[in-house]
Amino acid sequence: MIKNINVALIGNPNTGKTSVFNALTGLNQKVGNYPGITVEKKQGSCRLDRITKARILDLPGTYSLNASSMDESVVVELLLNKNDPDFPDVAVVVTDVENLKRNLLLFTQIKDLEIPTVLVINMSDQMQRKGIKIDIEKLEEKLITSVVLVSTRQNSGVEKLKQILIDYRSISTLPILDPTTIDQDYFENLGKAFPNQSLYKLWLVITQDVNFTKLERQKVPDSTQFKTQSQSYLKKLQQRETIKRYQSINQILKETYRVNREEATDLRSKLDNLLIHKFWGYVIFFMILLIIFQAIFDWSSVPMDFIDSSFARMSEWIKTQMPAGILTDLIAEGVVSGLGGIVIFIPQIAFLFLFISILEETGYMSRVVFLMDRGLRKFGLSGKSVVPLISGTACAIPAVMATRNIENWKERLITILVVPFTTCSARLPVYMILISLVIPNDRLLGINYQGLTLMGLYLIGFLMAIVSASILNRLLKSPNKSYFVVEMPNYKLPLLKNVAITVWEKTRSFVVEAGKIILAISILLWFMASFGPGEKFSNAEQIITQQYSNEALNDLELENKIASFKLENSYIGILGKTIEPIILPLGYDWKIGIALISSFAAREVFVGTLATIYSVERDAEETIKTRMAGETRSDGSRLFNLPTGISLMLFYAFAMQCMSTLAIVKKETNSWKWPGIQLFSMTIIAYLSALMAYQILK
Amino acid sequence: MFPLDQLAIGQKAIIESIETDFLPLKLIEMGCLPGNEISLLHLAPFRDPLYLKIDEAHLAIRKDVARYIMVKPLMDD
Ligand SMILES: Nc1nc2c(ncn2[C@@H]2O[C@H](COP(=O)(O)OP(=O)(O)OP(=O)(O)O)[C@@H](O)[C@H]2O)c(=O)[nH]1
Ligand SMILES: [Mg+2]
């Protein structure tokens with residue numbers, strides 16, 4: 001019989017939880033230097049001995065159980081819910097030997113939940129250099145638990161930790177702090193009302209709502225009478241609790257912890273002087289941004305072109321290899337092109353996260369937060385919105401997920417709501433083809449109009465994000481005050497392995513998260529384009545062959561005509577026709593309407609859909625362009641003229657056309673309200689600006 | 001004794017008192033308690049946010065919060 005135990009790794013940000021997790025499970029996972037890197041809980045398993053298997057849970061970094069951000073609330077929600085399948089049999093609190101005092105605050109809180117709690121003092125390799133000495137035995141006695149010195153760098157102490165975990169039942173669950181010393185009356189009453197329960201646990205459930213409200217939680221049977229106390233009174237008690245804890249920690253450390261202080265903060269102050277300089281700091285940040293954008297747009301175009309043509313060839317190959325029929329069509333046109341639509345973004349996403357993770361690993365990102373906070377706050381954003389806003393230029397999905405460490409709910413919400421305005425890479429193929437169609441490839445004073453337009457579109461997206469942020473800042477009521485506290489970590493050289501793992505993790509999760517939806521939608525689109533109601537659709541071949549029987553069309557031309565006619569009468573074609581009256585004022589016809597509808601799932605589908613509509617080969621961009629350029633209105637004028645082109649570009653710049661983003665916003669805000677508002681208002685903005693552009697320019 | 005946001009860059013001080021009603025709990029949890037040593041390392045433009053060293057922690061906070069921390073500067077020695 002194998003015995004399974006649940007082990008949770010808990011600790012302050014950056015103490016090495018993920019590194020310990022890796023050491024235990026051998027499963028690699030993200031390791032970073034920007035506080036709050038682990039945004040989702042990660043699980044792995046570890047065989048402790050012949051009969052014991054541990055399920056290890058790596059939790060996000062938290063400073064205390066009084067959660068003030070989503071990251072932190074994940075930890076509290078778990079520890080308060082005994083019925084959670086992940087509820088730990090034993091908690092391992094990972095601490096940094098250099099910051100033991102601060103780290104022990106969290107340790108004492110978890111210990112007081114009366115869960116067996118092991119203390120891991122990590123980074124023990126630093127002890128010698130920093131002149132730190134610890135009396136482990138005495139510490140074990142004072143903290144009433146087992147203490148292990150670990151260094152994941154040198155792989156020491158991990159075996160000992162495993163031994164302790166096997167024997168976790170022998171760890172005392174005695175609490176450290178007696179809550180009645182915080183406020184005798186309050187806690188004695190609480191104890192009388194709910195006998196046989198951990199006082200600290202009760203207290204924690206009562207106070208969780210004070211800081212942060214999210215997620216449903218275990219109900220405390222009628223805790224209302226204990227909430228009748230004013231919020232500020234509860235907060236005072238929380239502060240008193242913290243002070244009490246620090247008092248006893250100080251007392252304990254006085255007897256067990258010695259440090260020989262010779263400040264070695266030289267590197268920090270030198271680099272800080274440059275990197276957060278009032279002038280050069282911004283110049284350097286701007287240069288770094290330029291390099292990132294250069295990488296996203298220039299360097300990644302080579303692999304992207306390669307991926308694009310490979311998928312087109314694969315689709316062709318399938319068509320020739322498999323027996324002709326509906327299944328082949330589905331695979332070749334629905335599945336493969338859907339997959340291609342996801343894979344194409346991998347180079348840009350990988351490049352972006354390569355840079356972001358290097359900046360985070362080195363500790364630079366916290367400096368950017370420091371530099372940008374004041375400027376962004378004017379618009380209701382936070383310094384911590386910088387990472388999401390930069391990420392948004394590759395893809396809104398990782399960007400929305402990167403908002404999790406913004407403690408202030410309002411600032412976080414505004415960031416989530418405006419991030420889709422930044423120009424993500426899915427808009428790029430749309431912009432490219434429209435620009436090449438309607439903007440002359442001329443230069444003025446050496447500046448290329450087409451390049452200028454593209455830059456303008458990026459700017460307009462960013463400006464719209466800022467403008468709507470400041471509007472939202474006025475409209476939204478803030479439920480709590482700002483809790484902006486950013487830790488400034490030491491500068492470190494990035495570990496190549498960590499960076500590689502980050503890039504892999506992020507890219508993989510993008511492919512999986514966005515992939516599911518894009519794939520499903522492309523298959524759905526394929527169905528809607530391949531089937532239609534009524535005679536016209538099913539008899540398309542007959543009708544067209546008859547219609548053109550007098551003209552000398554070769555097979556290919558005839559085939560193309562049939563495909564076009566089928567599309568016009570397919571479900572999606574009918575849909576396009578239905579919305580034509582609405583989009584006519586924007587300068588679009590029903591064919592563009594089809595492309596609009598299909599790209600509500602994902603923008604990049606635009607070009608592919610137009611290719612199908614104009615019945616040309618998907619990969620032959622020149623041909624699509626020529627066909628689009630030759631497309632006329634009923635009065636014989638060009639369809640893709642400047643007014644329509646600009647109107648379309650604006651529509652794509654502002655419209656919320658990405659199901660995957662809506663899904664992730666729902667997940668992150670825990671309601672359909674916000675993605676709903678996003679979809680509605682962004683579409684209105686897009687429609688109105690496209691309408692204005694067309695009506696003025698035409 | 002004066003509010004933290006009036007401290008000069010590089011100056012060390014002792015935290016005298018904190019206005020607990022306005023200070024985020026997290027800051028207290030990170031060591032911002034009366035009696036601890038505090039120094040101002042850097043300021044962003046408009047003196048906001050402030051980059052501090054409190055006890056052993058390096059952290060940045062906003063000016064609107066810094067006002068609620070009263071400090072007494074240490075004499076240079
Ligand atoms: N010197 C030394 N550095 C370590 C050790 N363990 C981890 N680190 C470094 O500490 C940093 C943080 O490690 P992580 O494992 O990401 O820490 P974490 O607690 O998971 O961080 P969050 O998930 O952000 O809360 C990384 O730069 C590691 O390389 C160790 O034993 N010794
Ligand atoms: Mg981690």
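Below, chain A is the first sequence line, B the second, and so on; all start at residue 1.
- Smallest separation of non-hydrogen atoms from B/A60 and A/F370: CB-CD1, 3.8 Å.
- Heavy atoms of B/I18 lying under 4.5 Å from chain A are absent altogether.
- In this structure the side chain of A/T242 reaches within 4.5 angstrom of the side chain of B/L25, judged on heavy atoms.
- Here the closest heavy-atom approach between residue B/L23 and residue A/K235 is recorded as O-NZ, 3.1 Å.
- Within the model, atoms OH of A/Y246 and CG of B/L33 stand 6.5 Å from one another, a figure rounded to the nearest 0.5 Å.
- The two residues A/R374 and B/P45 come nearest to each other via the heavy atoms CG-O, 4.3 Å.
- With salt bridges taken as basic N to acidic carboxylate O contacts below 4.0 Å, none links B/K53 and A/E487.
- Ranked by non-hydrogen atom pairs under 4.5 Å with chain B, the options A/Q239, A/H277, A/K278 are led by A/Q239.
- The distance from atom CZ of B/R62 to atom OG of A/S382, rounded to the nearest 0.5 Å, is 5.0 Å.
- Chain B forms more heavy-atom pairs under 4.5 Å with one residue of A/K236, A/E98, A/R377, A/K101 than with any other, namely A/R377.
- No side-chain donor-acceptor contact under 3.5 Å links B/Y51 to the backbone of A/I276.
- Side-chain N or O atoms of B/K26 include none that pairs as donor or acceptor with a backbone N or O of A/S64 at under 3.5 Å.
- Shown here for A/D272 and B/H42, the closest heavy-atom pair between the two residues is CB-NE2, 3.4 Å.
- The shortest side-chain heavy-atom distance between B/E29 and A/R102 does not fall under the 4.5 Å cut-off.
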